[in-house]
Amino acid sequence: MEIEEDEERRRQRKLEEALEVKSLRRIISAYLNYPEAAEEDVRRYEKSFKKLPPAHKALLPHYPSKFQNLRRCISLNSYFIFTMLQAFEPPLDMSQDVDGCKDPYLENFEHGHCHSEERNASSCQSASTSGRMCCSNHAEACSQEKSNIMSNPTTEEVKSEQQHEPIFGSGAGEVENNNEIAECCSNDVADSNGNAFSSPHDWLDPSLQLNVPLVDVDKVRCIIRNIVRDWAAEGEKERNQCYKPILEELDAQFPNRSKESPPACLVPGAGLGRLALEISCLGFISQGNEFSYYMMICSSFILNHTETTGQWTIYPWIHSNCNSLSDNDQLRPVSVPDIHPASAGITEGFSMCGGDFVEVYNDSSQIGKVTGASYSMYISTSCFVADNDPLGVWDAVVTCFFIDTAHNIIEYIEIISRILKEGGVWINFGPLLYHFADMYGQEDDMSIELSLEDVKKIAFHYGFELEKEQTIETTYTTNPRSMMQNHYHAAFWTMRKKRTTTT
Ligand code: SAH
């Protein structure tokens with residue numbers, strides 16, 4: 001009987017891994033498809049231009065050179081993407097044969113968090129309106145030699161088979177600076193199959209590249225905009241709107257935090273990791289949690305493989321001709337990152353946990369334990385264990401543009417309450433743009449879309465008391481120079497988990 005169960009579990013695990021490999025291949029393919037999809041756009045612009053009557057064409061003599069400039073920017077973005085992929089160490093055996101392995105879970109995993117982008121994909125403004133959505137609606141450490149601040153996980157850290165493993169850094173190959181790239185790579189950093197690069201990774205072999213729908217490539221464009229939000233000087237205004245109030249609130253809530261025993265803070269839906277890093281630098285044991293490989297491949301690269309501030313130059317705004325004030329605006333370069341993560345002053349124990357928030361933190365072993373839960377992407381030597389403590393372990397949970405990613409927001413709130421210590425705080429910032437709203441057609445999908453009033457009622461039910469509440473206006477991955485700027489009136493609150501015991 002037991003043997004049968006073991007066999008069943010083994011089979012299940014194998015299936016899950018195969019699905020994950022398939023999903024990861026598709027995401028890698030989306031990244032690899034970026035140059036070709038972008039080139040296709042430029043060809044489209046050229047075609048329209050060619051259709052102009054000669055008199056009209058003559059009024060736009062600079063257009064052919066704009067197209068060439070767009071191609072140069074695409075090449076440089078592609079170079080960044082490909083270098084990022086080369087630095088990526090897949091946590092799974094990518095060589096396994098997963099063809100023919102079909103499972104609805106996969107579809108869910110791949111599309112679930114991106115539906116809203118799809119919703120907007122046809123609109124010209126998808127770039128700015130849906131940026132937050134596309135990359136999942138809205139992913140450390142002690143500094144080591146070079147800038148690699150991620151570590152491989154220990155076996156103890158690998159706990160749940162269902163979680164998505166993190167991407168472990170291995171020390172990127174030497175990276176030329178962008179000036180050299182511009183000189184040597186002009187227009188052919190990578191062709192549509194990524195052929196121009198030689199890669200040591202079999203899984204980057206063009207023959208394994210899948211044809212992915214354009215909507216997947218759109219997610220890559222969203223990631224590029226997320227890089228600006230988290231890791232560029234241009235994103236500072238947006239970070240000041242979203243992250244600064246959170247950081248100030250954490251600072252005020254934990255005024256006497258000690259270096260010897262820093263408070264622990266969890267950031268579910270950590271995106272590209274800047275907020276989790278800032279929280280670490282503020283003197284917290286900070287753990288980001290993120291389930292999108294799109295995000296994790298990128299955050300891992302920036303956090304672990306950056307050698308200098310401004311090492312990379314990307315062109316985030318080239319993909320939309322709409323609402324542009326000038327070609328120069330559209331083609332402007334953005335340097336990333338604006339800080340060197342390994343020198344930012346992180347607190348020991350910074351980690352990134354890959355996996356679905358519900359699966360990872362619903363695990364009952366989370367209660368009474370902070371063990372880096374699953375896979376610690378980053379060095380996290382100071383996991384503390386409090387086996388006898390029946391209560392949650394986190395002093396703070398910070399959610400920024402996260403709670404509306406839930407199928408069932410009540411479940412998120414319940415888990416947040418459970419994993420928090422008594423007296424711990426939940427700081428939330430964001431709108432209620434439910435990711436799975438309008439997700440019709442898929443029978444298994446559910447989407448509970450509560451009003452703010454109901455969200456608060458649910459939180460009170462799970463033992464929270466509202467301490468502060470405010471509305472803050474903000475953008476999300478918006479091009480600051482675009483003529484169209486979408487603003488959220490984000491809910492910002494601090495809730496405290498009531499104590500049930502008297503001390
Ligand atoms: N906090 C970041 C990212 C917000 S977007 C910021 O403010 O920029 C929401 C993020 O949550 C996405 O990166 C998405 O991939 C992630 N996410 C969505 N559902 C998740 C889940 N169930 N578990 C973990 N991460 C999730």
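If you're wondering where the values come from, they're calculated on a predicted model, not measured in any experiment. Ligands are counted one by one from 1 in listed order, and the atoms in each one are counted from 1 as well.
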| field | Contact summary for C265 and V398, nearest pair of heavy atoms | value | SG-CG2, 3.7 Å

| message | Counting only heavy atoms, tell me which of A276, S292, G269, S299 gets closest to atom 3 (C) of ligand 1. | response | G269

| query | Nearest heavy atom to atom 16 (C) of ligand 1: which of E411, E290, M296 does it belong to? | reply | E290

Relative to ligand 1, is [X] under 4.0 angstrom through side chain, backbone, both or neither, heavy atoms considered?
X: R274; result: neither
X: Y476; result: side chain
X: Y361; result: neither
X: F429; result: neither

Sub-4.0 Å atoms of ligand 1 with respect to non-hydrogen atoms of [X]:
X: D356; answer: 21 (C), 22 (N), 23 (N)
X: Y412; answer: 19 (N), 20 (C), 21 (C), 22 (N)
X: M295; answer: 13 (O)
X: R229; answer: 6 (C), 7 (O), 8 (O)
X: T405; answer: 9 (C), 18 (C), 19 (N)
X: F357; answer: 21 (C), 22 (N), 23 (N), 24 (C)
X: G355; answer: 23 (N), 24 (C)

| For the ring pair W493 and W426, is the centre-to-centre distance below 6.0 Å? | yes

| Hey, do the aromatic rings of F80 and F301 have their centres closer than 6.0 Å? | yes

Going by heavy atoms, is [X] under 4.0 Å from ligand 1?
X: Y243; value: yes
X: L275; value: no
X: V358; value: no

| task | Test the R418-Y462 pair against the cation-pi criterion, namely NZ or CZ under 6.0 angstrom from the six-membered ring centroid and within 45° of the ring axis. | result | no

Would you call [X] and [Y] a salt bridge, taking side-chain N to carboxylate O under 4.0 Å as the test?
X: R239; Y: D338; answer: yes
X: R13; Y: E17; answer: no
X: R496; Y: E467; answer: yes

| said: Working note: I409 + D404, criterion side chain to side chain contact (heavy atoms under 4.5 Å, CB included); need CA distance, chi angles, decisive distance, verdict. | reply: CA-CA 7 Å; I409 189 171; D404 53 3; 5.8 Å; no

| said: Can you see whether Y412 engages T405 through a side-chain donor-acceptor pair at a distance of less than 3.5 angstrom? | reply: yes

| Among side-chain atoms of T475 and E238, is any donor-acceptor pair under 3.5 angstrom? | yes

| N or O pair under 3.5 Å between F401 and ligand 1 | no

| Applying the side-chain hydrogen bond (donor to acceptor under 3.5 Å, both in side chains) test to N226, which of Y294, Y476, W231 qualifies? | Y476

